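From a predicted model like this one, the values you see are computed outputs, not experimental measurements.
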Amino acid sequence: EIARGWVSLACTALRLVLTLAATLALLAGTGLQPLCAALSRLGVPQVLTAQLLFLHRYACVLLEEAARMHTAWQLRAGPRARLMPRVWAGLVGQWLLRTLARAGRIHQAMLARGFDGRLPLQHRGRWRAADTGFVAAWSAGMVAARWLVA
């Protein structure tokens, strides 16, 4: 016998997985720049779309810096050295300081190039009849799936 709470948990977890999969599929198929352009055309405040683009870019900066520091640590410590918690804490602190300094340099470079707080989003997609058919077919499929399950 299965309690209703476990079924509810399983349904919620399944919804989370499906939502994340749909989001990743949308990002993989569209790209972040066109997606932010579409969001701004739908009326999402420009500050939020700029934050999404900056978040993506800064995550790449963080990963690049972490890769550099890991390579430097491996070269100094040797290939078989283990990363102890005391060393780990120092590396994380140094990593955050280095990425903060790099972000400042990136910001200065953006200001030097005339950045005024707005990102130019130039993706001009047009809605076609095929797009309407695609949305209608998927909506009909989702409604049919809902009625079959219920």
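- Put simply, the side chain of T23 gets close to the backbone of T19: a donor and an acceptor are under 3.5 Å apart.
- With rounding to the nearest 0.5 Å, the separation of NE2 in H107 from CZ in R102 is 16.0 Å.
- In this structure, L52 and C36 approach most closely via the heavy-atom pair CB-SG, 3.9 Å.
- More than 12 heavy-atom neighbours from other residues, nucleotides or ligands sit within 6.0 angstrom of CZ on F115.
- Pairing each heavy atom of L35 with each of T30, the nearest pair is N-CG2, 3.9 Å.
- Cluster membership for L96 and F54, using ILVMFWY side-chain heavy atoms within less than 4.5 angstrom, is shared.
- Considering only heavy atoms from C-beta on, T99 comes within 4.5 Å of Y58 through its side chain.
- Rounding to the nearest 0.5 Å gives a distance of 11.0 Å between OG1 of T71 and CZ of R76.
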Q) Would R105 and Q108 satisfy side chain to side chain contact (heavy atoms under 4.5 Å, CB included), going step by step from the backbone distance to the final call? A) CA-CA 5 Å; R105 290 191 305 270; Q108 290 298 321; 5.7 Å; no
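- Within 6.0 Å of CG on L97 lie more than 12 heavy atoms contributed by other residues, nucleotides or ligands.
- By the 4.5 Å heavy-atom criterion applied to side chains, L48 and P45 are counted as neighbours.
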**Q.** Candidate pair W127 and V135, rule side chain to side chain contact (heavy atoms under 4.5 Å, CB included), full reasoning
**A.** CA-CA 11 Å; W127 190 266; V135 169; 3.8 Å; yes
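- Note: the hydrophobic cluster containing I106 also contains L53 (ILVMFWY, side chain heavy atoms under 4.5 Å, direct or indirect links).
- In terms of hydrophobic clustering, with Ile, Leu, Val, Met, Phe, Trp and Tyr side chains grouped at heavy-atom distances under 4.5 Å, L26 and L18 are assigned to different clusters.
- Note: H56 NE2 to L27 CG = 8.0 Å, rounded to the nearest 0.5 Å.
- Between M110 atom CE and R57 atom CZ the span is 10.0 Å, to the nearest 0.5 Å.
- Under the 4.5 Å side-chain heavy-atom criterion for grouping Ile, Leu, Val, Met, Phe, Trp and Tyr, W73 is not connected to L75 through any hydrophobic cluster.
- Transitive grouping of hydrophobic side chains (ILVMFWY, heavy atoms separated by less than 4.5 Å) brings L91 and V61 into a common cluster.
- For the atom pair CH2 (W6) and SG (C11), the distance works out to 13.5 Å, reported to the nearest 0.5 Å.
- Remark: side-chain polar atoms of W95 are paired, donor with acceptor, to backbone N or O of L62 under 3.5 angstrom.
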